[in-house]
Amino acid sequence: MPRKSWILVTAFVFVVACATRQPGDPLKPGYNTFSKEQDIELGREAAAEVRQQVDVVKDQKLQNYVKVVGVRLARQPQAEDYPYEFTLINEESINAFALPGGPVFIHSGLLAAADTEAQFAGVLAHEISHVALRHGTSQASKAQMVQLPAVLAGAILGDGGALSQIGQVGLGLGLNALIMKYSRTAEKEADALGARIMSEAGYDPLAMAEFFQKLEEETGGSQPPAFLSSHPSPGNRVQLVRAEMQTFPPGQYGYETGDFPLAKKLVAQLPKPNPPDQKQVANAGASPPSGLANQGSFQRVNARTFSLEMPPGWQTYGGQGSNVLTIAPQQGLVQTGRGGVALGYGAVTSNFQPRYSRDLLNGAYELIDELQEMDSTLRVTREPRQTKVQGASALVTELQGRSPYGGVERDVLLTVARPNGIYYLLLVGPQEQFGQLEPAFNRMIQSVQFR
Ligand SMILES: [Zn+2]
């Protein structure tokens with residue numbers, strides 16, 4: 001029965017989502033607690049860090065080519081006039097990413113994989129659309145955000161620069177938070193807006209969808225292109241773009257700079273990319289916890305509406321102002337390459353406001369759905385079971401996913417009914433070492449208090 005009502009809720013959410021936007025309907029940025037200026041500042045700061053960490057292509061002819069195509073697209077009114085910058089980096093994997101407020105980075109492998117300029121332009125138009133629709137900071141704005149985006153939100157709301165706080169704790173940068181995996185809804189929107197931008201710039205919008213489709217089809221069995229893991233397919237992209245195009249005024253789609261063949265030739269001649277900076281990946285193969293420090297005592301952490309105890313040696317990331325806290329020892333944070341950071345073991349705690357559910361059970365499933373949007377490997381392994389926290393009804397749900405250490409991750413999710421929504425505490429650890437973490441996790445659960 002509980003499962004059934006959840007399915008109903010899902011079906012309802014699905015119908016609502018489908019009803020909200022028809023092809024041709026205007027696209028607007030969603031919920032966001034950042035200002036446009038903060039998007040720009042955050043992106044600028046992060047882009048400077050990225051440039052230090054990656055191998056920027058030195059061939060000016062190539063950089064120019066990317067810029068010419070990018071600027072033509074960025075000039076279209078739908079791009080919303082952000083200070084766009086296009087940078088080609090020497091990196092063989094097929095990927096591209098945009099930072100809030102305008103910086104767009106393209107891997108040389110992506111240019112090498114494109115068959116036509118329109119395909120390449122399609123990726124740029126898609127990235128520009130993520131910027132214009134402010135998907136990065138919109139996702140970071142959601143209070144139910146897990147993992148380190150909370151750090152950024154906290155840093156922005158609290159003291160200091162967005163990235164400096166992360167720098168202070170020796171994490172490199174929290175780029176993961178900004179070039180995180182987009183939701184399928186965001187992907188659909190970026191395709192739709194990207195199609196319009198392409199059309200106005202004179203490129204065939206179908207080339208964008210066909211290129212993404214090609215990447216999906218070519219991956220049979222082997223490691224899928226990195227692009228697809230941060231830009232998950234929202235379904236039949238060609239069909240979606242085609243439907244969108246039917247709402248456009250008739251256009252001429254034959255535009256080309258004429259320099260694509262030269263760009264392809266130059267990209268094939270690039271020197272072998274440098275191996276990733278040692279410093280960057282220092283923590284990448286970090287080992288999971290080999291036992292908790294017993295020295296010292298647990299310390300109470302006070303957030304705005306709740307407090308709980310954390311084990312000795314752990315710290316909090318995320319401002320108290322944001323009310324979203326990541327609590328972990330430094331070794332619990334794993335660098336995932338090119339500055340990304342993931343939570344290997346530790347806790348994330350906050351309040352969650354269900355949008356569709358009134359009761360705790362369905363609210364908890366709604367939260368789980370949000371968590372799964374962020375991490376598609378998460379699966380419920382043990383259905384919610386009843387408990388009490390400070391006299392309030394609570395549920396404990398167990399999940400599994402892929403650990404950033406490799407192997408299986410175990411997650412215990414505590415959800416508690418509160419007058420204004422749900423309080424949650426997500427405890428994360430590698431399956432194999434979970435037993436060692438359990439006493440600390442239990443104590444954390446038992447220490448939760450509300451104000
Ligand atoms: Zn995307």
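All figures in this text were calculated on a predicted structure; none of them were measured in a lab. In each ligand, atom 1 is the first atom listed, and ligand 1 is the first ligand listed. Position 1 is the first residue of the sequence, and the numbers go up from there.
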Without hydrogens or angle criteria, can the side chains of H130 and E189 be said to hold a donor-acceptor pair below 3.5 Å? no
Parallel, tilted or perpendicular, as decided by the 30° and 60° cut-offs, for the rings of F86 and Y84: parallel
Mind listing the protein N/O/S atoms less than 2.8 Å away from the Zn ion (ligand 1)? Waters don't count. H126 NE2, H130 NE2, E187 OE1, E187 OE2, H231 ND1
Is the shortest side-chain N to carboxylate O distance from R51 to E85 below 4.0 Å? yes
Apply salt bridge (charged side-chain N to carboxylate O under 4.0 Å, His left out) to the pair E398 and R410, showing each step before the final yes or no. CA-CA 7 Å; E398 291 190 28; R410 191 167 153 197; 3.3 Å; yes
Are F212 and H231 close enough that their ring centres sit under 6.0 Å apart? no
How many angstroms lie between CD in E117 and NZ in K264, if you round to the nearest 0.5 Å? 12.0 Å
